[in-house]
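Residue numbers start from 1 in every chain, and the chains themselves are labelled A, B, ... in the order their sequence lines are given, proteins ahead of strands.
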Number of protein chains: 2
Amino acid sequence: MTEESRPERFLQIGEAAERASLTQRTLRYYEEKGLLNPPTRMDGGFRLYSPEDIERIDRIKQLKELLGFSLAEIKEMLVAEDVRTQIKAEWRRDADADEKAEKARTAREVTLHQLALIDQKMEKMSSLREELAQRVQRYDELLVRFAESKEPEPAPSQS
Amino acid sequence: MTEESRPERFLQIGEAAERASLTQRTLRYYEEKGLLNPPTRMDGGFRLYSPEDIERIDRIKQLKELLGFSLAEIKEMLVAEDVRTQIKAEWRRDADADEKAEKARTAREVTLHQLALIDQKMEKMSSLREELAQRVQRYDELLVRFAESKEPEPAPSQS
DNA sequence: GGTAACATTGACGTGCGCGTTAATGTTGGT
DNA sequence: ACCAACATTAACGCGCACGTCAATGTTACC
């Protein structure tokens, strides 16, 4: 409900940073490192982030915090995203259809690769989860035994 | 099948590092930072890692690479593990049962917290997974349309 | 007992992902 | 025209997680 969804306006760096819970420095850094393409500027040179830029920022945050990828890795992963927007932009222009299809195939491949990475991580995670769950169960059993040795004659208790 | 499972012998740092695909420096660093308790030593001062130590090293690697936690966070998380082995070691000694129960409760709590963290991550991951899967599907549809516009009269093909 | 392989403790170096400060420019409102 | 709020680049700094010497000691084996 408090979800900050895609804005309809262009945002200056301050607002953009706040939305994503990042700092302005971080956004500039991402741009410097090629993760964000240079946003448009106002006459005075102030950065103006488009809704697409904002989405991309969220994407980066997601990939970083969730999957723990390095910025370099994320940069690679975002190639697929780039191709996608590029295709969209060129859609009704007279670009070579074969070329576009090739790009789409590439983007598909990259996305599939990301999917595979995620699946790998999720598998490992769920086996770790299992391990921990079992451990909790063993603690429970242990605690029950402690309680039993203390209360040989369990009295009926409420609540 | 190539899985390096728990060894029966004590290992020197070289072998231990190789098993975990880490460097000797890293193992010493983990010890320095209190993630690994100081292993036993040979007469000359060479470190000897017990099977339990080796397990713990794998644990750390798991938590770091899988969940992207910092070493400081991992250190905290391993408290539960410590309590567990401590309880095991003290098991038949005349330590205060209440105290042991209290430790077990603490360990249980910490483990539950870890479980909650993992569940959070897995939820976010699976929604990201969904997003990507849908994207692949859209690429597929796109490519089908490309193929159709190229081949208005599909010829029966084998293989 | 020599020597190759393996280890030890410093100590400094490094890359990443920003934080922070300084000096300066821009925008929007009164 | 002025002012506060917001932005800019450039540069240095910093904590983390190790890498990388260097100088020295240990072990195992022939």
Rounded distance (Å) that lies between atom P of C:dC6 and atom CD of B:Glu18 | 10 Å

Calculate the interatomic distance between A:Phe46 atom CZ and D:dT9 atom P; express it in whole Å.
-> 10 Å

5' precedence on DNA chain D between B:Thr23 and B:Lys33 (nearest-nucleotide basis) = B:Lys33

Regarding B:Gln24 and B:Arg28, is there a side-chain donor-to-acceptor distance under 3.5 Å anywhere?
-> yes

Is it true that a side-chain atom of A:Asp53 and a backbone atom of A:Ser50 form a donor plus acceptor pair closer than 3.5 Å?
-> yes

For A:Gln24 and C:dT26, what is the distance between atoms CD and C1' respectively, to the nearest whole Å?
-> 14 Å

Comparing nearest nucleotides in DNA chain D, the 5'-proximal residue of the pair B:Gly44, B:Phe69 is B:Phe69

Rounded interatomic separation in angstrom, taking CZ from B:Arg28 and C1' from D:dC21 | 13 Å

From C:dG28, D:dC18, C:dT9, nucleotide with atom closest to B:Lys64 side chain = D:dC18

With a 3.5 Å cut-off and just heavy-atom distances, do the side chain of A:Arg25 and the base of C:dT20 make a donor-acceptor pair?
-> yes

Write down the distance between CD (B:Glu15) and C1' (D:dT27), rounded to a whole number of angstrom.
-> 15 Å

Where do B:Ile57 and B:Ala20 come nearest, in terms of heavy atoms and distance?
-> CG2-CB, 3.7 Å

What are the two closest non-hydrogen atoms of B:Val110 and B:Met77, and how far apart are they?
-> CG1-O, 4.3 Å

When the distance from CZ of A:Arg47 to C1' of C:dT26 is rounded to whole Å, what number comes out?
-> 14 Å

Looking at the side chain of A:Ser70, which of D:dA7, D:dC18, C:dG17 is the nearest nucleotide?
-> C:dG17

Closest listed nucleotide, where the reference is the side chain of B:Ile13 and the choices are C:dC18, C:dA7, D:dG19 = C:dA7

5' precedence on DNA chain C between A:Met42 and A:Tyr30 (nearest-nucleotide basis) = A:Tyr30

Closest approach of A:Tyr49 to A:Gln12 (non-hydrogen atoms, all atoms of both residues) | CD1-C, 4.2 Å

Nearest-angstrom distance from the residue atom CD of A:Glu32 to P of D:dT9 = 10 Å

Find the distance A:Lys61:NZ to C:dC18:C1' and express it as a whole number of Å.
-> 15 Å

Should A:Gln12 be listed as having a side-chain N or O under 4.0 Å from OP1 or OP2 of D:dA7?
-> yes

Tell me which nucleotide among D:dC6, C:dT8, C:dC18 gets nearest to the side chain of A:Thr26.
-> C:dC18

Tell me whether the OP1 or OP2 atom of D:dC16 has a side-chain N or O from B:Tyr29 closer than 4.0 Å.
-> no

